[in-house]
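To keep things clear, I will list the structure first and then write my remarks on it.
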Amino acid sequence: MNSFLYSDDNKRYHTWNYHLRHKFGCKVMKISLNAGFTCPNIDGTKGYGGCIYCSESGSGDFAGDPADTIMQQFEDVRIRMHKKWHEGKYMPYFQAHTNTYAPASVLRNRFECVLRQPDVVGISIATRADCLNDDVVEYLCELHKRTYLVVELGLQSVFDETGERINRCHTYQEFLEGYNRLKSHGINICVHLIDGLPGETPEMMIESARQVGELKPHCVKLHLLHILKGTVLAKQYEKGEVIPLTKDEYVDIIVRQLEVIPPEVVIQRLTGDGARDALIAPLWSLKKFEVLNAIDKLMAERNTYQGEKYEIQNTDI
């Protein structure tokens, strides 16, 4: 029998699906949207070209078409989601690029129309920790008070040398400043980490998860590095400068990362989705359920759970 507190099935980690079902009493579908924003490391404010792994869609390959209105996107994605799940409620997810990189008045114009739709129970906003101006934070505080808000911060790694390699254009200290600013207002935060970044060892990836776990975010997303056509990373891969993780390596790293993240932290994702027509490597990642099943199997074999080592490290002696 599974003794993990935040599970009612075989999962040994705190899944996003478990959290949403227990919070809202039903399936909640994320509706990925593209609001047409850019990023400070694309437009020259901090850098050019974006992060080396980002496609032209800015990590929004499965979001709506930015040529359409937000409401058109919402309806198109909603219909697609209902082909898989026939019933449920919705959470608009502003996914592509940096979705607080504009004045609050612009954000309000983009966000409010979908928040008014039937059966919308919250909103998820992907952004960077260095794009949180005073007016934006004030608006986020307002959203937090009247709906279920999750602000998703792309960190990827706690190591600044990695940040420089991937052209992130902000430091870990800057991330902490933005994170703590949101946290001080009680805003739910989801931190993104990427495994397999150039130059990183498994130990570095575990350390990133450990440090993020110490921050006690609401959620964490653990991604696999995807090499996509048309990116700087793809050129590095072609030159042999980047070697993708194998499936066994990735599964082992994920299990070890889960062990150092507190059990109450919700795990929104354990592997990313790469668009089939754009993905160069690793191709094994296309079989998502095989990866997730391998994670479950390894955790069972090791008889381990999310937070197992976090709790040991933080036990008072």
[X] and [Y]: side-chain donor and acceptor closer than 3.5 Å?
| X | Y | answer |
| --- | --- | --- |
| Asp9 | Ser7 | yes |
| Asn41 | His170 | no |
| Glu200 | Ser157 | yes |
| Gln173 | Asp160 | no |
| Thr45 | Asp43 | yes |

Which residues pass the side-chain hydrogen bond (donor to acceptor under 3.5 Å, both in side chains) test with Thr100, sequence neighbours left out? Thr127

Can you sort out the partners of Glu164 under side-chain hydrogen bond (donor to acceptor under 3.5 Å, both in side chains), two or more places apart, ordered by chain and number? none

Do the non-hydrogen side-chain atoms of [X] and [Y] ever get within less than 4.5 Å of each other?
| X | Y | answer |
| --- | --- | --- |
| Leu155 | His192 | no |
| Phe94 | Phe111 | yes |
| Leu225 | Leu245 | no |

Salt bridge or not for [X] and [Y], using N-O below 4.0 Å?
| X | Y | answer |
| --- | --- | --- |
| Arg128 | Glu174 | no |
| Asp296 | Arg12 | no |
| Glu214 | Arg210 | yes |
| Arg78 | Glu75 | yes |
| Lys247 | Asp252 | no |

What heavy-atom pair brings Cys131 and Pro40 nearest, and what distance separates the two atoms? SG-CG, 3.6 Å

Are Tyr101 and His97 close enough that their ring centres sit under 6.0 Å apart? no

Centroid separation His144 to His185 less than 6.0 Å: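 Centroid distance His144-His185: not below 6.0 Å, so no.
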
Applying side chain to side chain donor-acceptor pair (under 3.5 Å) to Gln72 and Asp65, what does each step give before you reach the verdict? CA-CA 9 Å; Gln72 286 175 316; Asp65 186 341; over 6 Å; no

Under the criterion side chain to side chain contact (heavy atoms under 4.5 Å, CB included), I'd like the reasoning laid out for Leu286 against Arg276: C-alpha separation, chi angles, the key distance, then a yes or no. CA-CA 7 Å; Leu286 290 170; Arg276 187 175 292 271; 3.7 Å; yes

Can you say whether the rings of His19 and Tyr148 are parallel (under 30°), tilted (30 to 60°) or perpendicular (over 60°)? tilted

Quick note, ring-ring contact (aromatic ring centres under 6.0 Å, His included) partners involving residues 239-292, not counting sequence neighbours, are Tyr250-Trp284

Atom pairs and distances, donor-acceptor, side-chain atoms in residues 231-242, under 3.5 Å, two or more places apart:
from	atom 1	to	atom 2	distance (Å)
Thr231	OG1	Leu228	O	2.7
Thr231	OG1	Ala234	N	3.1

Quick one: which residue pairs count as a side chain to side chain donor-acceptor pair (under 3.5 Å) with a foot in residues 107-118, not counting sequence neighbours?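 Those involving residues 107-118 are Arg108-Glu142, Glu112-Tyr139, Glu112-Arg146.
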
Could you check Tyr179 against Ile189 for side chain to side chain contact (heavy atoms under 4.5 Å, CB included), going step by step and ending with a plain yes or no? CA-CA 8 Å; Tyr179 176 92; Ile189 303 168; 3.7 Å; yes

Pair listing, salt bridge (Lys or Arg N to Asp or Glu O under 4.0 Å) test, anchored in residues 26-39, at least two apart: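 Qualifying pairs, neighbours excluded: Lys30-Glu152.
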
